[in-house]
Amino acid sequence: MHKVLAPALALTLAAASAHARTDAAAQPIAPGVAPVAPSANASVIGAPIIILPTWFWPYFVTSKCQFWDGTACTSADMANPYFKQILILPSGFADSERADFWTEFDKIRNQMATAGNVWSTQYRHKILWVGYFVPGGPLNTPTANFGAAVLEHPVRGYALSLSQDQVRAKVSAIKATSLPNLNPLGVGVLFNSFQDNITANASPPGFTRTPYGIAKFNRQDLATPYITTHELAHASMNFLDEYMEPGFQEVSIRQLDVLTPLVLFDGSWGGFVSAIGNLFSVYDYNISEILANNGNVNIALSPWPQTTGTGGQWFGYEGGMFFGRGTFHVPGNNLMDSNRDKRHDDDGFAYDTTAAQQQVIDTAFNGNYAYRANDRLRTAGPNDWPIHFGSTTTVLLFDGDKNHQFHPTQYYGVQVGWYERIWDTCWWGPFPYPCYHDEWRTAQKTVWPSVRYVDLKNTAAYGLGGLVQDVLCAVGVTEVKNGDGTFRLCDQDIDQVSGAFLPTLRFFMPYQSTTVPASQWFTTYWWRFYTNNGTWNSYYTGWSSFYRSL
Amino acid sequence: MASGLHSCRAMLRRTSILVLTIALVGAFAFWRVRPRPAPTPESADARAAADPHLNSADRLAEVERIVAERNRAAGKDEDAFRADGWTMVKTDPPDARLTSYDPSLLAEGREDELRGQLTSTTAAPQHARRIARIALEAKEPKTRFAAVDALGHIHGDEAQAALLDLLTSGKLDPGDFVRQQIAPLLRPRDLDDGVALRMAALLDDPRVTATEKHQIAFTLALVSIRDGMTLPDDTLAALSPDARASLDQAHELVTRRIALHNRRN
């Protein structure tokens, strides 16, 4: 009976509401309550002429916007930057399973709002839960939304897979046609599957430099709040995992730096790249920094990640982001950690938040106000600059917050200094002669950050492809561009793919270059820099020098 | 006899004169052909300006012309910066002791500054030995960590040698948190270079802990797979069975596939 009545009622309501709808935003009315006419500023569905029982609603609702307690939010709420949105999309749900999706949507909303002291519970009053139902074919079929599938992997067991590009395209389409104020902090795709022991995962936005990341989980994962809160923390807060992978407890991420010579600077860097045969001998850049000190904030490469100024947090516990050594996180049981391989009593899992995570969460929910300066800085070369490298010198700045999700660096203040030889007339008795003294000169310039990439040709690292693949999948780099399409990095056993078809892995760099018109031969120049993140200036780095030789 | 004696004296005199003459000629010749420093512009011009043939006013004018010319050339750097959009500002010059990572600053209460220099710059190879001293002598663990980390950022043999020496010096306790950062920073250029050979030898060295050996083996395995090569045959032959086994295990760890991201709690 429901299947007969639902379409009939849907048609009736659509006809009734078409006159009342003021713009493209379709808003639900709270079930069981007589709908009210839309206000001039709120875009909600117009008043239907029938009061409908609760169980009818899920059969034809396409989108919902709700506060954590289930009360409806409006388009005006969505437009209000005070609130942050989490969008839940379905895959593998047929139209007849719409109600099931909304049931799970409510479960996600409820559990994330009542999970201890995690981010989604702390700020539940500021989160708008937006669901949008898109019917589609079953998982693992060509008609599944976003190409979603549960893949059997020879090593990983089972993994959730989809095309992130298709998800982003859908989000853009929803924004363009239905919810113009849609602006998610994170997106979760719910797979219509009850299969257990599947690898849920998420892509932190920092690696893709997108406004939001995408989390994947299935209905079985909703048995506890763990998966949704954890994966959407990756997707929304850009958090990394604070536990280590089995077998890698004593391996350091710094050891991966032996692969850095394989990294190629692409054309985004400019001409100096081609002038220098071996960039690695001139500048100090590291894969470990590209992976773990690149806009993420709950993992650092030092227990004291702040390099300029004093103070800062203590990332005293070692381990995280796949590796047991070389990465560090702040003490405290928390959502991103695990009770496996604990080195300290308070180095495990809890529905809780560490100080480093809290700072990011507060920033994300308070207008991106930065609670610290972007102070993970280092001058990264060169030490000298022979003439065959070119007439101007290029210096490299390392900035671990250049790609910060919430307070990326807005500009750099760069200073270059040198000793200028100032000539004068001196006297030896009655005889004048030219003499000189050195005077310190400093020039300063503002440098705006520009997007820079490097490519790691997987063909070059083919023999290491498995390890590289594992590390990248662990941190959430699940897709890489491959020509006009994308390559789902984590879906395939790399041994089964010939080297010729392996794609290039492209990484956004936490480094910035700038040219310095230092052209005098046999001269030592000094330089340093600071950052501005829109709220704070950092302190200057120390002075570094480079020598211009012949 | 008297005439013979007279002849000897004369011969001696003539010989002495001849020797002396030869010596003088030789000395003169050496003086003429010895490598002389090229006259510096200032000394040449100074000599010109001091040329007694110029009167004092001309001399002064000449010096002033030289001074002005050199100051024009000297100003080119500043002009180039201004033309490129830079602004001239006033700052203090860098502290040479700080920028050269002078360990004696530790004793002068300037450890914080030194640490800031270590963490926020990339040192040059010639500073490796000094930084290694800081790793041993600094009071605060975060300074010692910064020193070891700084060595890891210096490319080249000097820093690698400093790290190897720190690891095997016996001056850092195996339980020392800072010492535990060293082995992962050992980075051979390839498996033929001296660093790789020293690392391989450490696999059998009792001064190195089991964890450090595991890390060293892993790095060697990474480089081996990266470059498609192995350690030299004689190096491999010199390793104990345990050391070779750890290399094999590391190779397997690098190439094995793992299940990821299973439920944690």
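First the proteins, then the strands, lettered A, B, ... as listed; each starts at 1.
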Check your understanding: chain B heavy atoms under 4.5 Å from A/R254: which part of the residue, side chain, backbone, both or neither?
Key -> both

Review point. So, B/N71 side chain and A/W423 main chain: donor-acceptor pair closer than 3.5 Å or not?
Key: yes

Study note, to complete from the structure: d(B/R115 CZ, A/W304 CH2) to nearest 0.5 Å is 9.0 Å

**Study point:** Note, A/W427 side chain near B/L60 side chain (heavy atom, < 4.5 Å)
**Key:** yes

Practice item. Let me know if A/L301 has heavy atoms under 4.5 Å from chain B in its side chain, its backbone, both or neither. Key: backbone

Check your understanding: Is there a donor-acceptor pair under 3.5 Å between the side chain of A/K445 and the backbone N or O of B/D84?
Key -> yes

Point to revise | Side chain to side chain, A/P517 and B/W86, heavy atoms closer than 4.5 Å | key: yes

Check your understanding: In terms of heavy-atom proximity below 4.5 Å to chain B, should A/N286 be classed as side chain, backbone, both, or neither?
Key -> side chain

Practice item. For each of A/P303, A/A380, A/S544, tally heavy-atom pairs with chain B at distances under 4.5 Å, and name the one with the top tally. Key: A/P303

Exercise for review: Give, for atom CG of A/D424 and atom CD of B/E64, the distance between the pair rounded to the nearest 0.5 Å.
Suggested key: 9.5 Å

Point to revise | Steps toward side chain to side chain contact (heavy atoms under 4.5 Å, CB included) verdict (A/E289, B/H153) | key: CA-CA 11 Å; A/E289 290 176 325; B/H153 283 288; 3.5 Å; yes

Practice item. Select one option (side chain, backbone, both, neither) describing which atoms of A/Q444 are under 4.5 Å from chain B's heavy atoms. Key: both

Exercise for review: Examine whether an atom of A/E318 lies under 4.5 Å from a heavy atom of chain B, and if so say whether it belongs to the side chain, the backbone or both; otherwise answer neither.
Suggested key: side chain

**Study point:** N/O donor-acceptor pair under 3.5 Å between B/Q181 side chain and A/G326 backbone
**Key:** no

Check your understanding: Less than 4.5 Å apart, any side-chain heavy atom of A/R528 and any of B/T121?
Key -> no

Review point. What distance do B/F81 atom CZ and A/Y525 atom OH have between them, rounded to the nearest 0.5 Å?
Key: 6.0 Å

Point to revise | Polar side-chain atom of B/Q215 near backbone of A/S252 as donor-acceptor pair, under 3.5 Å | key: no

**Study point:** Contact origin within B/E78 toward chain A - heavy atom pairs under 4.5 Å
**Key:** both

Practice item. Could you look at A/Y539 and say if it's the side chain, the backbone, both or neither that has a heavy atom under 4.5 Å from chain B? Key: neither

Practice item. Could you look at A/R376 and say if it's the side chain, the backbone, both or neither that has a heavy atom under 4.5 Å from chain B? Key: neither

Practice item. State the CD-NZ distance between A/E420 and B/K76, to the nearest 0.5 angstrom. Key: 11.5 Å

Check your understanding: What part of A/E439 gets closer than 4.5 Å to chain B, counting heavy atoms only: side chain, backbone, both or neither?
Key -> neither

Exercise for review: Kindly indicate whether the side chain of A/P434, heavy atoms from C-beta on, has any atom under 4.5 Å from the side chain of B/I66.
Suggested key: yes

Review point. For the side chain of B/T219 and the backbone of A/Q255, is there at least one donor-acceptor N/O pair under 3.5 Å apart?
Key: no

Review point. Quick one: what part of A/D284 sits under 4.5 Å from any heavy atom of chain B, side chain, backbone, both or neither?
Key: both

Revision key, fill the gap. When the 4.5 angstrom heavy-atom criterion is applied to A/F323 and chain B, the contacting part is neither

Check your understanding: Passes side chain to side chain donor-acceptor pair (under 3.5 Å), A/T442 versus B/T91? Steps please.
Key -> CA-CA 7 Å; A/T442 313; B/T91 69; 2.7 Å; yes

Review point. Any donor-acceptor pair under 3.5 Å linking the side chain of B/T119 with the backbone of A/T307?
Key: yes

Study note, to complete from the structure: Taking every heavy atom of B/R226 against every heavy atom of A/P261, the minimum-distance pair comes out as NH1-CG, 4.2 Å

Revision key, fill the gap. Taken to the nearest 0.5 Å, the spacing of B/Q180 CD from A/R325 CZ works out to 5.5 Å

Review point. What residue in A/T310, A/V416, A/T523 has the most heavy-atom pairs under 4.5 Å with chain B?
Key: A/V416

Review point. Under the side chain to side chain contact (heavy atoms under 4.5 Å, CB included) criterion, do A/F398 and B/T122 qualify, and how do the steps go?
Key: CA-CA 10 Å; A/F398 169 73; B/T122 302; over 6 Å; no

Revision key, fill the gap. Scored by heavy-atom pairs under 4.5 Å with chain B, the best of A/S545, A/G417, A/G247, A/C426 is A/G247

Point to revise | Selection from B/A83, B/A124, B/G116 maximising heavy-atom pairs under 4.5 Å formed with chain A | key: B/A124

Practice item. Please determine, among A/A518, A/G381, A/P430, the option with the most heavy-atom pairs under 4.5 Å with chain B. Key: A/A518

Check your understanding: If every non-hydrogen atom of B/F145 is compared with every non-hydrogen atom of A/S302, which pair is closest and at what distance?
Key -> CE2-OG, 3.4 Å

**Study point:** Intermediate values then yes/no, side chain to side chain contact (heavy atoms under 4.5 Å, CB included), B/S120 and A/T308
**Key:** CA-CA 7 Å; B/S120 68; A/T308 59; 4.1 Å; yes

Study note, to complete from the structure: Taken to the nearest 0.5 Å, the spacing of B/D77 CG from A/R548 CZ works out to 10.0 Å

**Study point:** Max heavy-atom pair count under 4.5 Å with chain A, selected residue of B/Q117, B/R187, B/R82
**Key:** B/R187

Exercise for review: Step by step, work out the side chain to side chain contact (heavy atoms under 4.5 Å, CB included) result for B/V67 and A/Y436.
Suggested key: CA-CA 9 Å; B/V67 166; A/Y436 68 87; over 6 Å; no

Review point. Under a 4.5 Å heavy-atom cut-off, does chain A meet the side chain of B/D92, its backbone, both or neither?
Key: backbone

Check your understanding: B/P93 and side-chain contact (heavy atoms from CB on, under 4.5 Å): which partner among A/W418, A/W543, A/W440?
Key -> A/W440

